[in-house]
Amino acid sequence: MESPLLFGISTMAYFIAMMIYFIYLAFRNNPVGIIATSFTILGFISQTFAIALRWKEFAELSGMGFIRSAPLTNLYESLTFFVWCLILGYLIIEFKFKNRSFGAFVTPIAGLVLAFIDLTGVTKEIQPLVPALKSNWLLAHVTMSFIAYAAFAISFSTGIMYLILNTEKKNEPAYIFWTLTFGLFAILILSMGIDFLTFKVKVRPEIFIKSYLFKTSFLHPSATVNIISWLISFAIIFIVWKYGFILKRILIKFGLSADMLDEITYKSIAVGFPIFTLGGLIFGAIWADQAWGVYWSWDPKETWSLITWFIYAFYIHSRFVRGWKGKKAAIVAVIGFMAVIFTYLGVNLLLSGLHSYGSQ
Amino acid sequence: MEKEKSTLIDKIWAFFASVKFAIIIFALIATTSIIGTILEQREDPAKNLQILSRLFSESLAPTLYEIFDKLGFFNMYRSWWFISLLALFALNLIICSLDRLPKIWKLVKEPMLPLPEETLKKFLINREFTIKNTPDNIKFFVSDTLKKSGFKCNEVKEDNGFQFFGQKWNYSRLGVYLTHMSILLILIGALIGIKLGFKGYMEVGEGTVSNTVISGDKVLTLDFLVKCENFETEFYGMSDMPKEYRSWLTIIKDGKEVVKKSITVNDPLTYEGITFYQSSYGIIPNGLGRGIFIFNVVSKDGKSNLLNLRFGDSFQIPGTNLTGRIIDFSPALRYDERGNTFTYTNMMNNPAVLIDFTESGKHKFSGWIFKRHPESWQLPDGNRVEFYNYWGVEYTGLQVRKDPGVWLVYLGCILISIGLFTAFFLSHRRIWVKLIADKQYTRIVIGANTNKNRAAFERKIDMIVSTLSKNKEGAK
């Protein structure tokens, strides 16, 4: 079997699992839940084999030996590995907390990320390593970073569920925060979706962002379209804000307790933070020191990972300050993961775009 | 008056030691850092003007540029206010440790004491059960079970039984402080590196030596020479994708060769605390035609001769009358669709020489020989010209660094890892087990506490309880 086929199987399995998790949530039927978990495990096993095969292929192609040939060197490979870590983290939580409800949240993320890879022009080719990446630090640095990212992703989803469950009034900041987050996310997905459907292009994400992103809405040449886009955006935010409580009613049915959500949020950050510090920041610094003789140069990637580190340090310390436990801490956990996404994707896709603009 | 003054100092001290101050600093460093990732740091002003006009508007950009420039935003991480934030961060770490460490240290050092039954029952984790045996008979089994669970227990004789008590990972409570101290260590290491070390760049041509390093706007002179024996780019297969950049370096001190090493991007050379990193490469200005061709000429019957030649030189295939002359050279030669040759870059990606062969003054044949394509080395008459290298035209660009503080940074990194892992993954656990004689039976009361992850500790306690309960049949 080939790795693309196996990746395809796992994408399918995650989507099927997602649908069964939804059915499970609706009917609370245990056998259904077991089937959902089985599909998740099937997807996970298939993905594991896919990664292993790609690894083997890479090692044979490059002739650099096993350790240096970890398939973690480009966007495609790292996204795939992120999904793998996320599913692993979810399976651990399902096993430890004996609760399947998160499955309905995690499997769609996994499926969407894998589908995103398929839809966009992210290159899937095995690319030879540039000399700077040829190091034993690659494996340690990247795997640990992504294990931490997956832990942070889990804390993000439990954090946001905590906010949904624990907000009562429409005018309280925590409610406005989570509805705004959802609203902006919906606008982003919607406008990007329209861009995709209009231009039907398969290009590298950097190029997509530079040449196509929001060109059918906010950056459309016609001012009327711009105004309508903005109006629709405000309408979406307003609707999410107005009817956000419906989501809360659904979540209450899941039988999730706020305490448990808070605990999972804290625990996944408590796991992610030390791993991120060691694998992300320290190993990254040591590697940079070996390759370029500078362990810290304040480049955007380094700085953003430091920003992420400070946000999670903020989270951990804020729990010791009176009045910060609960909602405020959950907001910090959610912001923390946004910083993670920015560190991982935004720095490469947005900042490099902004900076290379001048050189064009 | 005197008293009020001291309370003010107390208040300031308490504020600097507080977690609240810490999270304010975290938030400030995190948010200000963002600006530095959007604006180009230490770059051409034109670039930042362009970014500003893109983010705001063309007309606002120059004014904003001036304001940001005054605030040091274009060299932000070295600006006085950002350094001050880092200093406040350090101050917070120092004061918070000074404030708390002595108290925690006292707690860690405090011996555990036996406790009365009522106190044990008030613990969040407490168990009580009865075993059909006397305390004297089971006490060894109890202490053994506790030991196996990782608790080395003290034992005291009480009125009607015994009490065991012990703890585990007592020192894990210091993990937080170890983490904080390591951050300080890293900051001190970085400061030493900035004050006492330097970062620079030097270029050394193949076959030449140099001791000058450009560091910012300063020129430094090393007290030894760096010689570049050779520089080579290795490619993936026949593609132009670089696989490795390699320089063969020799350090010459007082006229003697002291170190020889080939360096690559992830494998630098260190001599006398100064480290040389492979950083860039290029062609020596006006040097492209002045190199030396290194050929190994092999005749049909296996006679070979290693030659160093210059452009225009002639050479003979050993044991024959065949003479070759180098008449053309290209650093990167390629054939187009029609079979014509052209040079596609002026870097040494695919060096090739055109050799014209004559035998006793008569033209025989001529053709291109490629360094990277051994199949082109074979001549039509069975002789061979092996093109090993075109040497002396490239220079290697080396990043040069001296950082006497880097070991402190590394030490800090190791300690912060230990600190974080103890702080997050180890918990301080204490257990008291009281054996109370009750006729032929023993009533066992267990009280326990932990500073984190109570659920896991409760599971552990339950295991101890079940081990102890099982003993009642065996010990009868």
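The figures that follow rest on heavy atoms only: side chains count, while hydrogens, waters and symmetry mates do not. Residue numbers begin at 1 in each chain, while the letters A, B, ... track the order of the sequences. Because the structure is a prediction, the values reported are computed rather than measured.
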So which atom in [X] and which in [Y] form the shortest heavy-atom distance, rounded to 0.1 Å?
X: B:P242; Y: A:P131; value: O-CD, 3.5 Å
X: A:L278; Y: B:S417; value: CD1-OG, 3.0 Å
X: B:F424; Y: A:I316; value: CZ-CD1, 3.4 Å
X: B:Y277; Y: A:D289; value: CE2-O, 2.9 Å

### Query
What distance separates A:I275 CD1 from B:L420 CG, expressed to the nearest 0.5 Å?
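Rounded to the nearest 0.5 Å, the CD1-CG separation comes to 11.0 Å.
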Contact origin within [X] toward chain A - heavy atom pairs under 4.5 Å:
X: B:Q399; value: side chain
X: B:I29; value: side chain
X: B:F89; value: side chain
X: B:T275; value: neither
X: B:V409; value: side chain
X: B:D403; value: side chain
X: B:Q278; value: backbone
X: B:F276; value: neither
X: B:L49; value: neither
X: B:A46; value: neither

### Query
Does a donor on one side chain sit under 3.5 Å from an acceptor on the other, for B:N266 and A:W137?
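Note: B:N266 and A:W137 side chains miss the donor-acceptor criterion.
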So do [Y] and [X] actually touch side chain to side chain, heavy atoms under 4.5 Å?
X: B:N453; Y: A:K267; answer: yes
X: B:F26; Y: A:W309; answer: no
X: B:I34; Y: A:I307; answer: yes

Tell me, for [X] versus chain B, whether the close heavy atoms (under 4.5 Å) come from the side chain, the backbone, both or neither.
X: A:I286; result: both
X: A:Y312; result: neither
X: A:V332; result: neither

Surrounding [atom1] of [X] (heavy atoms of other residues, nucleotides or ligands, distance under 6.0 Å), is the total greater than 12?
X: B:W81; atom1: CH2; value: yes
X: B:K20; atom1: NZ; value: no
X: B:E58; atom1: CD; value: no

### Contact listing (chain A partner; residues 195-203 of chain B; heavy atom under 4.5 Å)
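Listed by number, the contacting residues are B:K199.
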### Task
Please assess B:Y77 against A:T303 for the test side chain to side chain contact (heavy atoms under 4.5 Å, CB included), listing each intermediate value before the final yes or no.
CA-CA 10 Å; B:Y77 303 111; A:T303 310; 3.1 Å; yes
Sequence neighbours excluded and cut-off under 3.5 Å, please list the side-chain donor-acceptor pairs for residues 292-299 of chain A, or say none.
from: A:S297; atom 1: OG; to: A:E302; atom 2: OE1; distance (Å): 3.2
from: A:D299; atom 1: OD1; to: A:K301; atom 2: N; distance (Å): 3.1
from: A:D299; atom 1: OD1; to: A:E302; atom 2: N; distance (Å): 2.8

### Message
Check the orientation of B:H180 and A:H317. Use parallel for under 30°, tilted for 30 to 60°, and perpendicular for over 60°.
### Response
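B:H180 vs A:H317 ring planes: parallel.
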### Top of B:A30, B:G419, B:G193 for chain A proximity - count of heavy-atom pairs under 4.5 angstrom
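Most heavy-atom pairs under 4.5 Å with chain A: B:A30.
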### Task
Identify the residue among A:I282, A:L281, A:T277 that makes a side-chain contact (heavy atoms from CB on, under 4.5 Å) with B:C413.
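One option only clears the test, and that one is A:I282.
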### Summary of side chain to side chain donor-acceptor pair (under 3.5 Å) pairs that have at least one residue in residues 138-151 of chain A, sequence neighbours excluded
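Residue pairs with at least one partner in residues 138-151 of chain A: there are none.
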### Query
Which residues from residues 334-344 of chain A are near chain B, with near meaning under 4.5 Å between non-hydrogen atoms?
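None at all.
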